[in-house]
**Q** 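Pasting in a structure now, in C-alpha cells, and then I'll have a few things to ask.
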Amino acid sequence: MGEILKYDVAIIGGGPGGSHAATLLAQAGKRVAVIEMEEYPRFHIGESLLPASMPLLKKTGFYDVLNSGKYITKYGARFIDYQSDDQVYFGFEDGLNPDIPTAFEVPRAEFDKDLLAFAKAAGADIYQPEKVLELDFSVDGVKLQTDKHRFEADYLMDVTGRDSFIGKRLKMRNVNADLNNVAVFAHYRGVKRREGKQEGDITVGLLPDASWTWIIPFKGEITSVGVVASAKFAGAPDLQKYLRDSLLKSAVVSEMMSDAVQVGNFHSVGNYSHTCTQFYGDRWICSGDAAVFLDPVFSSGVHMSLSSSTFAAEKILAAFDGKRSLTEEDLGPAYEAKVRLGAGRFKNLIMLFYEGKFVAKMNKMVNREFMLKGFTSALAGDVWNENNYLFQKKVL
Ligand SMILES: Cc1cc2nc3c(=O)[nH]c(=O)nc-3n(C[C@H](O)[C@H](O)[C@H](O)COP(=O)(O)OP(=O)(O)OC[C@H]3O[C@@H](n4cnc5c(N)ncnc54)[C@H](O)[C@@H]3O)c2cc1C
C-alpha cells in the first residue's frame, strides 16, 4: 500500500470502453492506468458488434486483430415475427455509409482479453485483478484507493459498465422504467446456421408481449442464444424453461435449435437499463454503460461504449492543455450532449421496436429506398450521421 502510483489518466474498468480509451490515450503519449477487477478471460454479455464501431477500431489498429480470422463476420440482422414467421432483413451494405458494410460476432471472453492486451501493447499499465474501492476528486485531480494500491491522476475515466461506480456513489444512476426487462441466455453447440455470407448474421425473433430472442453465431461451433422479457418474468420459477419454450414458438427457430446442446452456464440479468444524471465532473468523465445503457435489442451497447469512450478520451486530451476542468462548456457538457444525442436516436429505434408489429412495419417502410438506407444506417450504429433523413425529420 506504501507508494502512490501517479498517472496522467486513471481508467476504472477494462471492458471494451475502458480498453479502447486506454489505447487512444496511450497512443497520444499519456501515462495511463487501467484498473480491472476481474481476471480475464471471463464471460460477459454483449456479443454482437455494429459496423459503425469498425472505423473507431481501425483508428487504433485493433481492427487487424478483429479481422485476423478468429471472429465471424456479420453482414446484417434478420428479424423474424414468431406469430407469422414473416421476416425482414437489413444488410449493412444497404446503409448510407458504404465504408461500414460489416461487423463481427465476438465471444466477449476473447474480445475483451484481446482489447485489453492491445491497450497494454500501446503502453497502458494494466492493474488486474484489482478493484477500485474509494475515490476522491477535486478541481486539481483524483485519488483512488484499490484493494492493492493508491493512485493519483490528473483525470479519471469511469468505464465500470452497469456497476456505474461514480453514478451510484453520487446517487446519479436512474433506472429507465420504460425499459424494465430481464434477459436469460446461454451458449449452445449445434445450432443450425444459414449458408455462406449469412452464417454470421444475428437473428432476432419477436414474441408476443414485447418479448424477443437473439441468436448470435460465433466462429466455430458455439452460438449465443437468449431471450428478453418484461421484468414481470424475473420471478418465474424456471427461466431456463422459459428460454427453451420461447425458442419453440417459431418454426424457423425450432428447426435451428433442433440439435442444439447447451455448453457452459445459463445466465440471467435484469434491471439493466439506466442513465446517469450527469456524465462528468471537474476531473472525471464516465462513458459506456457507466453513463447510459438502454436495451440490448439493436446490439448498441459496445458501440455506444466505444464511441462515448472515444469522445471522452478526446475531451481529456483537449483538457490537458492548461489542465482544464472537464466542467468547461466545450469539454464535459459538449461531450454529454453528443452521447445523449446518439443514445436518444437508439432509444427512438428501441421504442419503435417495443411498440409492436416491428417486422410488418419495417417491411412496409423499407420498400422505399431512402427509408431502407435510413433504417439500415441506424441499425449499423451510424447514429451521429446527420445525412440520415430519419434523423433530419425526427422519425428517429
Ligand atoms: C442481455 C444483454 C445483451 C446484450 N447484448 C449486446 C450485444 O449483442 N451487442 C452489444 O454491443 N452490446 C450488448 N449488450 C450491452 C453490452 O454488454 C455493454 O454495453 C458493454 O459491455 C459495455 O461496455 P463497457 O466497457 O462500457 O462496460 P463493461 O463491458 O461492463 O466493462 C466494465 C468493466 O469494469 C469492471 N469494473 C466494474 N467495477 C469496477 C471496480 N470497482 N474496479 C475495477 N473494475 C471494475 C468490470 O469488471 C468490467 O470488466 C447487452 C447487454 C445485455 C444486458
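Counting starts at 1 for both ligands and their atoms, following the listed order. Keep in mind it's a predicted model, so treat the numbers as computed, not measured.
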**Q** Quick test: of every protein heavy atom, which one is nearest to atom 27 (O) of ligand 1, and how far off is it to 0.1 Å?
**A**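 Among all protein heavy atoms, the one nearest atom 27 (O) of ligand 1 is G161 CA, 3.4 Å.
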**Q** Could you identify the single nearest non-hydrogen protein atom to atom 19 (O) of ligand 1 and state the distance to 0.1 Å?
**A**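 Protein heavy atom at minimum distance: D289 OD1, 2.7 Å.
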**Q** K315 side chain to D330 main-chain N or O, any donor-acceptor pair under 3.5 Å?
**A**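 Yes, because the side chain of K315 sits within donor-acceptor range (under 3.5 Å) of the backbone of D330.
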**Q** Classify the contact between S299 and ligand 1 as side chain, backbone, both or neither, using a heavy-atom distance cut-off of under 4.0 Å.
**A** both
**Q** Looking only at N/O atoms, are W214 and ligand 1 under 3.5 Å apart anywhere?
**A**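 N/O-N/O distance under 3.5 Å: no.
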**Q** Compute the minimum heavy-atom distance from F298 to ligand 1 and say whether it is under 4.0 Å.
**A**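 Under 4.0 Å: no for F298.
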**Q** Would you please indicate yes or no on a ring centroid separation below 6.0 angstrom for F375 and F90?
**A**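 No, the ring centres sit 6.0 Å or more apart.
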**Q** For the side chain of Q128 and the backbone of E38, is there at least one donor-acceptor N/O pair under 3.5 Å apart?
**A**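 Judged by distance alone, yes, a pair lies under 3.5 Å.
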**Q** So does E199 pair up with K192, basic N to acidic O under 4.0 Å?
**A** no
**Q** Hey, quick one: are I45 and V191 part of the same hydrophobic cluster, counting side-chain heavy atoms closer than 4.5 Å, chains of contacts allowed?
**A**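 No; V191 is not reachable from I45 via cluster members.
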**Q** Is it the case that K113 places NZ or CZ above or below the six-membered ring of Y40, under 6.0 angstrom from the centre and within 45 degrees of the axis?
**A**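 Pair K113/Y40 does not count as cation-pi.
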**Q** Does NZ or CZ of K219 lie under 6.0 Å from the centre of the six-membered ring of Y71, at an angle within 45° of the ring axis?
**A**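 The answer is no; the distance or angle limit is not met.
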**Q** Nearest heavy atom to atom 44 (N) of ligand 1: which of M37, M304, E105, H20 does it belong to?
**A**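 Shortest heavy-atom distance from atom 44 (N) of ligand 1: M37.
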**Q** Considering residues at least two apart in sequence or located in another chain, which fulfil the side chain to side chain donor-acceptor pair (under 3.5 Å) criterion with Y272?
**A**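 For Y272 there are no side chain to side chain donor-acceptor pair (under 3.5 Å) partners, ignoring immediate neighbours.
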**Q** Do H149 and Y127 have ring centroids that are under 6.0 Å from one another?
**A** yes
**Q** Any donor-acceptor pair under 3.5 Å linking the side chain of R150 with the backbone of I4?
**A** no
**Q** May I ask whether L326 and V339 are part of the same hydrophobic cluster, defined by side-chain heavy atoms of I, L, V, M, F, W, Y residues being less than 4.5 angstrom apart, directly or through others?
**A** yes
**Q** Tell me whether A290 reaches ligand 1 (any heavy atom closer than 4.0 angstrom to a ligand atom).
**A** no
**Q** Looking only at protein heavy atoms, which one is nearest to atom 41 (N) of ligand 1, and what is the separation?
**A**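 Checking every protein heavy atom, the shortest distance to atom 41 (N) of ligand 1 gives V132 O, 3.2 Å.
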**Q** To which of E130, E39, E36, E38 does the heavy atom nearest atom 33 (C) of ligand 1 belong?
**A**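 Going through E130, E39, E36, E38 one by one, E36 has the nearest heavy atom to atom 33 (C) of ligand 1.
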**Q** Write out the residue and atom name of the closest protein heavy atom to atom 25 (O) of ligand 1, then the distance separating them to 0.1 Å.
**A**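 Here the nearest protein heavy atom works out to G17 N, 3.0 Å.
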**Q** Judged on heavy-atom distance to atom 15 (C) of ligand 1, which of F293, F185, Y272 sits nearest?
**A**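 Selected option, by shortest heavy-atom distance: F293.
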**Q** In terms of residue, atom name and distance, what is the protein heavy atom nearest to atom 13 (C) of ligand 1?
**A** G46 CA, 3.2 Å
**Q** Determine whether the side chain, the backbone, both or neither of L50 has a heavy atom under 4.0 Å from any heavy atom of ligand 1.
**A** neither
**Q** Suppose we measure from atom 52 (C) of ligand 1 to each protein heavy atom; which comes out shortest, and what is that distance?
**A** I45 CG2, 3.8 Å
**Q** Among G15, S305, S287, G226, which one has a heavy atom closest to atom 24 (P) of ligand 1?
**A** S305
**Q** Side chain, backbone, both or neither: which part of Y40 has a heavy atom under 4.0 Å from ligand 1?
**A** side chain
**Q** Verify side chain to side chain contact (heavy atoms under 4.5 Å, CB included) between L341 and R345, making sure each step is shown before the conclusion.
**A** CA-CA 6 Å; L341 177 71; R345 287 171 173 167; 3.9 Å; yes
**Q** N/O of S48 under 3.5 Å from N/O of ligand 1, yes or no?
**A** yes
**Q** Provide, to 0.1 Å, the distance between atom 11 (O) of ligand 1 and the closest protein heavy atom, together with that atom's residue and name.
**A** V302 N, 2.8 Å
**Q** Among D163, I11, L116, which one has a heavy atom closest to atom 38 (N) of ligand 1?
**A**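 Checking each option, the heavy atom nearest atom 38 (N) of ligand 1 is found in D163.
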**Q** Starting from atom 30 (O) of ligand 1, locate the nearest protein heavy atom and write down its residue, its atom name and how far away it is, to 0.1 Å.
**A**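 The closest heavy atom on the protein side is H44 NE2, 2.9 Å.
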